[in-house]
Enquirer: 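Attaching a single structure in structure tokens format; questions to follow.
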Amino acid sequence: MPFQSAGCHPGLAKTREAAWEWAESEGLDLSVPARKKMIRTRPELWISLIFPKASQDHLDLFCQWLFWAFLVDDEFDDGPAGRNPLMCEKAITRLVDVLDGATPNGPMERALAGLRDRTCPGRSPQWNRQFRRDTAAWLWTYYAEAVERAAGQVPSRSEFAKHRRDSVAMQPFLCLHEITAEIDLPDSARSLPAYIALRNAVTDHSGLCNDICSFEKEAALGYEHNAVRLIQRDRGCTLQEAVDEAGIQLARIAERVQRAEKELIQEIEAAGITGPTRAALERCVQDYRSLVRGDFDYHARAERYTRPDLVELDERDSLSQYFAA
């Protein structure tokens, strides 16, 4: 890990309290296994490591987005909603419709509508397009996985790498970074090849780091959409050999982050970008480093990843209360 830690936000405890109060106010009545899993997940830790200098209000809002996203993830990764393509399609269609302004039904949709209304107004059309694209693309990855499970298919490693770029859900949080950084990139900046490469490298690092730290838990639940598991299947190697190869790939992705940073500075000069747009891109270069490091540190600290022995194999039956109807 070549990047230095920027520390942890001092408002972590306040954000944790605000997240659970928000969940209760939204009627997100978690089952006992789901509550235990969320406590082990510690969304307040991830958000505090990723955004160590955010305002308390932004930290609280972003943590509530993450709390909601982890609920969605657990429902579709571990619950029956992710193994029934028709149920999954219906649920994801509704969530994307609500993201686009439809009237919500049920607690998960109402929670999403509230987050949307507290986040998107006042942002530029460019930002809203990017955030909508990234969030909808993430949600639809659960449907893709549900269909592959039902068909008995497993993606190739190259196919999965493209899929994981959306399914890890890092890209929407790169959009949220612009809010706390008080920047709003124009489409020209978002279209710079090196900016796209930097964003992709940051996202790829998070996805592979997550897979390395999740493979034991996911193996226990029979979840195949994991880079470590795909390496093992592809090479016919031991689990430790697959983990070792994934670790080498993770280091190479960190090198991609550094290479994209340098190329972005060159492209800023070549395009003659000055003023607020240049400052905004330079802020991304600066902050994305600590974001990668914060994500890396989180995976080494949260019990969701460090204690696979705490996985309850029967918890699947108590999930999907939100999407079963």
Enquirer: Below 4.5 Å, heavy atoms only, C-beta onward: do E44 and C63 meet side chain to side chain?
Expert: yes
Enquirer: If we ignore hydrogens and angles and just use 3.5 Å, is the side chain of E178 paired with the main-chain N or O of L185 as donor and acceptor?
Expert: yes
Enquirer: Counting distance only, does the side-chain N/O of T277 pair as donor-acceptor with the main-chain N or O of I273 below 3.5 Å?
Expert: no
Enquirer: Taking the side chain as every heavy atom from C-beta outward, state whether H225 and D211 have any atom pair closer than 4.5 Å.
Expert: no
Enquirer: Would you mind checking if R283 and E182 are paired as a salt bridge, meaning a charged N to carboxylate O distance below 4.0 Å?
Expert: no
Enquirer: Taking the six-membered ring for Trp, are F173 and H177 closer than 6.0 Å centroid to centroid?
Expert: no
Enquirer: Charged N to carboxylate O below 4.0 Å: is that the case for R301 and D297?
Expert: no
Enquirer: Do we see a donor-acceptor contact under 3.5 Å between the side chains of Q171 and R165?
Expert: no
Enquirer: Give a yes-or-no answer on whether the side chains of Q240 and D244 include a donor-acceptor pair shorter than 3.5 Å.
Expert: yes
Enquirer: Using the ring-ring contact (aromatic ring centres under 6.0 Å, His included) rule, collect all pairs that involve residues 85-137, keeping only residues at least two apart or in two chains.
Expert: W65-F131, W127-F131
Enquirer: Which residue is it: T203, D204, T141, N210? I am looking for the one with a side-chain hydrogen bond (donor to acceptor under 3.5 Å, both in side chains) to R164.
Expert: N210
Enquirer: Find out whether W20 and L30 are in side-chain contact, i.e. whether some heavy atom of one side chain is under 4.5 Å from a heavy atom of the other.
Expert: yes
Enquirer: Any non-hydrogen side-chain atom of I196 less than 4.5 Å from a side-chain atom of L192?
Expert: no
Enquirer: What about F3 and Y288, are their ring centers closer than 6.0 Å?
Expert: no
Enquirer: Would T306 and E303 count as having a side-chain donor-acceptor pair, cut-off 3.5 Å?
Expert: no
Enquirer: Is any side-chain heavy atom of L174 less than 4.5 Å from a side-chain heavy atom of L291?
Expert: yes
Enquirer: With a 4.5 Å heavy-atom cut-off, do F160 and V154 have their side chains touching?
Expert: no
Enquirer: Would you call R278 and E282 a salt bridge, taking side-chain N to carboxylate O under 4.0 Å as the test?
Expert: yes
Enquirer: Does a side chain donor of either H163 or E145 reach within less than 3.5 Å of an acceptor in the other side chain?
Expert: yes
Enquirer: Would you say the side chain of D287 lies within less than 4.5 Å of the side chain of F51, judging by non-hydrogen atoms?
Expert: no
Enquirer: Any salt bridge linking D74 with R304? Criterion: basic side-chain nitrogen under 4.0 Å from a carboxylate oxygen.
Expert: yes
Enquirer: With heavy-atom distances below 4.5 Å as the criterion, would you say the side chains of P43 and M38 are in contact?
Expert: yes
Enquirer: Quiz question: by atom type and distance under 3.5 Å, do the side chains of Q4 and S290 form a donor-acceptor pair?
Expert: no
Enquirer: Determine, for D166 against R133, whether the closest basic-nitrogen to carboxylate-oxygen distance falls under 4.0 angstrom.
Expert: yes
Enquirer: To the nearest 0.5 Å, what is the distance between OG1 (T41) and OH (Y305)?
Expert: 6.5 Å
Enquirer: With a 4.0 Å cut-off, would you call D184 and R123 a salt bridge?
Expert: yes
